[in-house]
Amino acid sequence: MNLLSIGGSDPSSGAGIQSDIKTFSSFNTHCLTVITAITSQNTSSFGMIEPVSQKILKNQLESVISDFKIDGIKIGMVYNSEIIKVLYQQLKKFKVPIVIDPVLKSTTGGSLIKSSAIKDFREFIIPLATIITPNKFEVEVLSKTKITTENTPEKVAKIIQKMGAKNIIITGIETKNNQISDFVLEKNNRYFISGDKISKINHGSGCNYSAAIIFALAKNKSIKESARFAKQFTYNSIKNAKNLGMGIAITDIQKYDKINLELSDAIIQFVKIKNIYKNIPECQINFVYSKQKPKSTKDILGISGRIVKAGRFVMVAGKLTYGGSKHVATALLTMNKRFPQIRSAINLKYQNTTITKIKKSKLIVSSYDRSQEPKNTKFKSSTIEWGIKSAIKNTKKVSDVIYHRGSFGKEPMIIVFGETPNNVLKKILKII
Ligand code: PXL
């Protein structure tokens, strides 16, 4: 995937183009860059700005557009009207998602746009936005409206929507109870997304948010999924921020965990399956994905809570954590010892209709009988380990599904195994 970042150079590499290169690379994505201005700044102070000429800006854009298939574009610092007009001319026909991060000021005090250019920013840049991601200050300047009890975030976001942006996310709009919330206005939907607040002044979090969200959009995630993803990504970057210079901390981008990415993608798809609530057992669901050659459940990523239902509504309670699952992770660990290619699993509610479908499908199924479980064996710490071992004892082929019918006081259960979470998902779709 190729993502294009258009913005200013920051020699401290905390924000701007340099920051986006780090973020996109962490997603194993190629970062194309078009520089609008060179800034001089460090973690304590902001120095000069020298915008590039229209000629070299246009030339940079043409050179990347003519050569690469571009999957998404992020626009950060634009600085003046000349730059704004070239961007508009070159990008207005573009059919890929565009995220606008309307940066006006740097945390260390520099002005990142000329005040004379704000009018053109409203007219030419805002209409390019699939999503625009202002903070409270930025949305107030762009809409010329202060957020108050009367002028709600929704009213103010609607002013920006009228200017032509499809979706608006006002970041860090509300803080209470140690939570910080973003307000999202879509075409026909509005909601807050909340998360834990970290009180750490930093350089880079705004850029991290907008870069993460264009990646998610380019991967075809919905606005809500993208906003959640970007919030979590930014939370981590702030949490890991480092004091590298003498001033404020610079956000840190950890190498992205592919296991985490694949499992979270699959979980998002799983909860969207129609009527999936019918397959959630009393003990709820865990969906797990293991590193290669796991030694213990600590090498297996799972949900620290569960996938739970409230009526027909299904949601993910908790975060993805290594060691987050005990039961399903132990089942996977046992399976993986015998069949090392099997690295993902999920538990589903036992239903006769599901078993009938499994038997009709070409999937390989085995089972065990919990009432046969020996008392005081070496497995006493883990019934599930005993169960999986006895189910696969005499099979040569990998089981796609293992089930048991329960016993007194024990809920029956189905576990689906696969090489990857996506592979598990495909099997689920065949049997529910
Ligand atoms: O974080 C906003 C931002 C974007 N782009 C450049 C910056 C900054 C903040 O300092 O310097 C080039």
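Residue indices begin at 1 and follow the sequence shown. Numbering of ligands and ligand atoms starts at 1, following listing order. Only this structure's heavy atoms are used, side chains among them; waters, hydrogens and symmetry mates stay out.
- For ligand 1, residues of the protein lying within 4.0 angstrom by heavy-atom distance are G8, A15, G16, Q41, M77, V103, S106, L112, H203, C207.
- Within 6.0 Å of NZ on K162 lie no more than 12 heavy atoms contributed by other residues, nucleotides or ligands.
- Side chains of N286 and Q284: a donor-acceptor N/O pair is absent below 3.5 angstrom, by distance only.
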ask   = Step by step, would you call R343 with E262 a salt bridge (charged side-chain N to carboxylate O under 4.0 Å, His left out)?
value = CA-CA 12 Å; R343 288 173 45 209; E262 280 183 46; over 6 Å; no
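- Counting non-hydrogen atoms of other residues, nucleotides and ligands closer than 6.0 Å to CG of L429 gives a total above 12.
- With Y322 as the aromatic partner, K291 meets the cation-pi criteria of under 6.0 angstrom to the ring centre and within 45 degrees of the ring axis.
- No side-chain donor from either of N135 and Y209 sits under 3.5 Å from a side-chain acceptor of the other.
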